[in-house]
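All remarks here apply to the structure that follows.
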Amino acid sequence: MEDRRFSKVSEVFGSLCSFLRRCIFGILSVGPVPTHFAFIMDGNRRFAKKEKLEVGAGHRAGFSALMSILRYCYELGVRYVTIYAFSIENFKRRPEEVQNLMDLILEKIEGLLKEESIVNQHGIRVYFIGNLKLLSEPVRMAAEKVMRVTSNNNRCVLLICIAYTSSDEIVNAVRGSCMGKWDEIQQSGFYKTYNGEIGEIDDPKKINGDQQYCRNEAYESRVSNASMACNGSTTRGEGTRNQNSVVESALLRSSEDDKWDEPQELKVDKNVLRNEIMQGSYSIIKQVDVEKHMYMAVAPDPDIVIRSSGETRLSNFLLWQTSNCLLYSPSALWPEIGLRHLVWGVLEFQRNHSYLEKKKKQA
């Protein structure tokens, strides 16, 4: 009898809390609400030590707090949530601690596929962000399965950074953009590899009528003519105006007289030619080239980063993406994080929203 009464009271209390939460979120929604929350879940081990819990209990308590925060975020209308689950630096911890964490991560990843999980309740698409090759095979395969199974969900997005550091992400993105740009340069025909080394095609006497190399010479000749036209234009009072349009028009004019199957005479200094070619748009690695190779390219930059335990360090987390982002650091340890901390985070974001938008426009 008492159990039934307690169950009824709990149900009523839960309904009341849900109603109050919807009211709070309704008020917050009058102002700007972050599209993308990022969380650094700091303080799990300190919480366990503080509460005199066994090893690993702090991380389990932290997972419960995470589920509540995710539910609050999606009820508020936040579309993207990123969590810092496991850093590459964490592999340096004691082997037994790392193994316990991997076992817990595997258990929770598999739990995401259950029918009653928050992923299925809210239609969440899950991405695992990081160098997944560093994970053990069971964890990696479970992560890949979750990403595959949730690929058709489109209401919300959960990004789990695991085996991740921002420096690793940037290095990987730069490597990918360099490889992609090198493929473009090779296709352009201006450079070629000789015994594994990069070299320029610069001697017309060694070409012997090869059509591909003649094409390069014709272009180089047009670059020289374009440069002359550009120099002539700037000396007539154009000042420091951008010369790209002049070069392009000169290239178009000179291309009408060129024959791709006839060798063209090269009359341009090699160093000048190299500089002009390497200033071409196809041979410059731009910011957008790096960004499209980022692990986090699947989501917009975060609007707010919340790090528990009062720490204000980013700890190698989303360094590239957080230049115009609010950092909120409540003093509570991660397992102690609750609704009030999320609400205060949103209020801080709204208070600084105009400043953040101004900085984004300047960037």
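Along the sequence shown, residues are numbered consecutively beginning with 1. Every value quoted in this text rests on a predicted model; they were computed, and no experiment measured them.
- For residues 133-158, no residue pair satisfies the salt bridge (Lys or Arg N to Asp or Glu O under 4.0 Å) rule, not counting sequence neighbours.
- For the atom pair CD1 (Ile124) and CG (Leu158), the distance works out to 6.0 Å, reported to the nearest 0.5 Å.
- Note on Ile129 and Ile88: separate hydrophobic clusters, where clusters join Ile, Leu, Val, Met, Phe, Trp and Tyr whose side-chain heavy atoms are under 4.5 Å apart, directly or indirectly.
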Practice problem: Could you walk me through whether Lys358 and Gln362 pass the side-chain contact (heavy atoms from CB on, under 4.5 Å) test, one step at a time? | Solution: CA-CA 6 Å; Lys358 180 180 178 181; Gln362 290 176 350; 3.5 Å; yes

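- In this structure, the side chains of Leu66 and Ile337 stay at 4.5 Å or more apart for every pair of heavy atoms.
- With Asn172 contributing its side chain and Glu169 its backbone, the two residues share no donor-acceptor pair below 3.5 Å.
- No more than 12 heavy atoms of other residues, nucleotides or ligands sit less than 6.0 Å from atom CE of Met141.
- Here the side chain of Tyr80 pairs no donor or acceptor atom with the backbone of Asp301 at under 3.5 angstrom.
- Residues satisfying the ring-ring contact (aromatic ring centres under 6.0 Å, His included) test with Tyr355, not counting sequence neighbours, are none.
- Ring geometry for Phe39 against Phe37 counts as parallel: the plane angle stays under 30°, on a 0 to 90° scale with 60° as the upper cut.
- Of the inter-residue distances, the one linking Leu28 atom CG with Leu76 atom CG reads 6.0 Å to the nearest 0.5 angstrom.
- Taking CE of Met41 as the reference point, atom CD1 of Ile69 lies at 11.0 Å (rounded to 0.5 Å).
- Taken from OG1 in Thr165 to CG in Leu319, the straight-line distance is 8.5 Å, to the nearest 0.5 Å.
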Quiz item: Would Met294 and Ile170 satisfy side-chain contact (heavy atoms from CB on, under 4.5 Å), going step by step from the backbone distance to the final call?
Solution: CA-CA 7 Å; Met294 288 282 188; Ile170 293 171; 3.9 Å; yes

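- A continuous path of hydrophobic side-chain contacts links Leu132 to Phe91 [ILVMFWY only; heavy atoms under 4.5 Å].
- Nearest heavy-atom pair, Phe317 versus Ala38, reported as atom, atom and distance to 0.1 Å: CE2-CB, 3.9 Å.
- Here the side chains of Met179 and Arg175 are in contact, with some heavy-atom distance below 4.5 Å.
- The minimum heavy-atom distance linking Phe47 with Ala61 is given by the pair CE2-CB, 3.9 Å.
- In this structure, the side chains of Ile285 and Val290 come closer than 4.5 Å at one or more pairs of heavy atoms.
- Not counting sequence neighbours, the partners of Gln99 by the side chain to side chain donor-acceptor pair (under 3.5 Å) test are Asp103.
- With sequence neighbours left out, the ring-ring contact (aromatic ring centres under 6.0 Å, His included) criterion links Tyr72 to no other residue.
- Smallest separation of non-hydrogen atoms from Asp289 and Ser177: O-CB, 3.6 Å.
- Judged as a salt bridge (Lys or Arg N to Asp or Glu O under 4.0 Å), the pairs with a partner in residues 327-340 (not counting sequence neighbours) are, in order, Lys50-Glu336.
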Quick one: side chains of residues 303-310, donor-acceptor pairs under 3.5 Å with protein atoms, not counting sequence neighbours, listed by atom name and distance.
{"residue": "Asp303", "atom": "OD1", "partner": "Lys360", "partner atom": "NZ", "Å": "3.2"}
{"residue": "Asp303", "atom": "OD2", "partner": "Thr35", "partner atom": "N", "Å": "2.7"}
{"residue": "Asp303", "atom": "OD2", "partner": "His36", "partner atom": "N", "Å": "2.9"}
{"residue": "Arg307", "atom": "NE", "partner": "Asp42", "partner atom": "OD2", "Å": "3.4"}
{"residue": "Arg307", "atom": "NH1", "partner": "Arg313", "partner atom": "O", "Å": "2.6"}
{"residue": "Arg307", "atom": "NH1", "partner": "Ser315", "partner atom": "OG", "Å": "2.6"}
{"residue": "Arg307", "atom": "NH2", "partner": "Asp42", "partner atom": "OD2", "Å": "3.1"}
{"residue": "Ser308", "atom": "OG", "partner": "Asp42", "partner atom": "N", "Å": "3.0"}
{"residue": "Ser308", "atom": "OG", "partner": "Asp42", "partner atom": "O", "Å": "2.6"}
{"residue": "Ser309", "atom": "OG", "partner": "Asp42", "partner atom": "OD2", "Å": "2.7"}
{"residue": "Ser309", "atom": "OG", "partner": "Arg46", "partner atom": "NH2", "Å": "3.4"}

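- For the side-chain hydrogen bond (donor to acceptor under 3.5 Å, both in side chains) condition, the pairs that include at least one residue of residues 54-70, sequence neighbours left out, are Arg60-Glu107.
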Practice problem: Go through the steps to decide whether Met102 and Ile105 satisfy the test side-chain contact (heavy atoms from CB on, under 4.5 Å), and finish with yes or no. | Solution: CA-CA 5 Å; Met102 287 294 109; Ile105 289 171; 3.6 Å; yes

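- A 4.5 Å side-chain heavy-atom check between Val81 and Cys156 finds every atom pair outside the cut-off.
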Quiz item: Is there a side-chain contact (heavy atoms from CB on, under 4.5 Å) between Val288 and Lys292 once you walk through the steps?
Solution: CA-CA 6 Å; Val288 67; Lys292 71 182 181 181; 5.5 Å; no

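- A donor-acceptor contact shorter than 3.5 Å is absent between the side chain of Asn90 and the backbone of Val98.
- Connection of Tyr127 to Leu318 is established within a shared hydrophobic cluster, with ILVMFWY side chains joined at heavy-atom distances below 4.5 Å, either directly or through further cluster members.
- Grouping Ile, Leu, Val, Met, Phe, Trp and Tyr residues whose side-chain heavy atoms lie under 4.5 Å apart, directly or via other members, leaves Ile27 alone, with no other cluster members.
- Linking Ile, Leu, Val, Met, Phe, Trp and Tyr whenever their side-chain heavy atoms come within less than 4.5 Å leaves Tyr295 and Leu135 in two separate clusters.
- Exactly one of Ser15, Cys23, Cys17 qualifies for a side-chain contact (heavy atoms from CB on, under 4.5 Å) with Phe19. That residue is Cys23.
- Considering only residues two or more places apart in sequence or on other chains, Tyr74 meets the ring-ring contact (aromatic ring centres under 6.0 Å, His included) condition with His122.
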Using distance only, find each side-chain donor-acceptor pair of residues 323-335 under 3.5 Å and give its atom names and separation, not counting sequence neighbours.
{"residue": "Ser329", "atom": "OG", "partner": "Glu311", "partner atom": "O", "Å": "2.9"}
{"residue": "Trp334", "atom": "NE1", "partner": "Gly62", "partner atom": "O", "Å": "2.9"}

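- One distance of note links CZ of Phe128 with SG of Cys161; it measures 11.0 Å at 0.5 Å rounding.
- Considering only residues two or more places apart in sequence or on other chains, Phe63 meets the ring-ring contact (aromatic ring centres under 6.0 Å, His included) condition with none of them.
- Between the Ser117 side chain and the Leu112 main chain, a donor and an acceptor come within less than 3.5 Å of each other.
- In this structure Gln121 satisfies the side chain to side chain donor-acceptor pair (under 3.5 Å) test with no other residue, sequence neighbours excluded.
- Expressed to the nearest 0.5 Å, how far CZ of Phe349 lies from NE2 of His353 amounts to 4.5 Å.
- Using a 4.5 Å cut-off between side-chain heavy atoms of Ile, Leu, Val, Met, Phe, Trp and Tyr, with links allowed through other members, Ile160 and Met67 fall into the same hydrophobic cluster.
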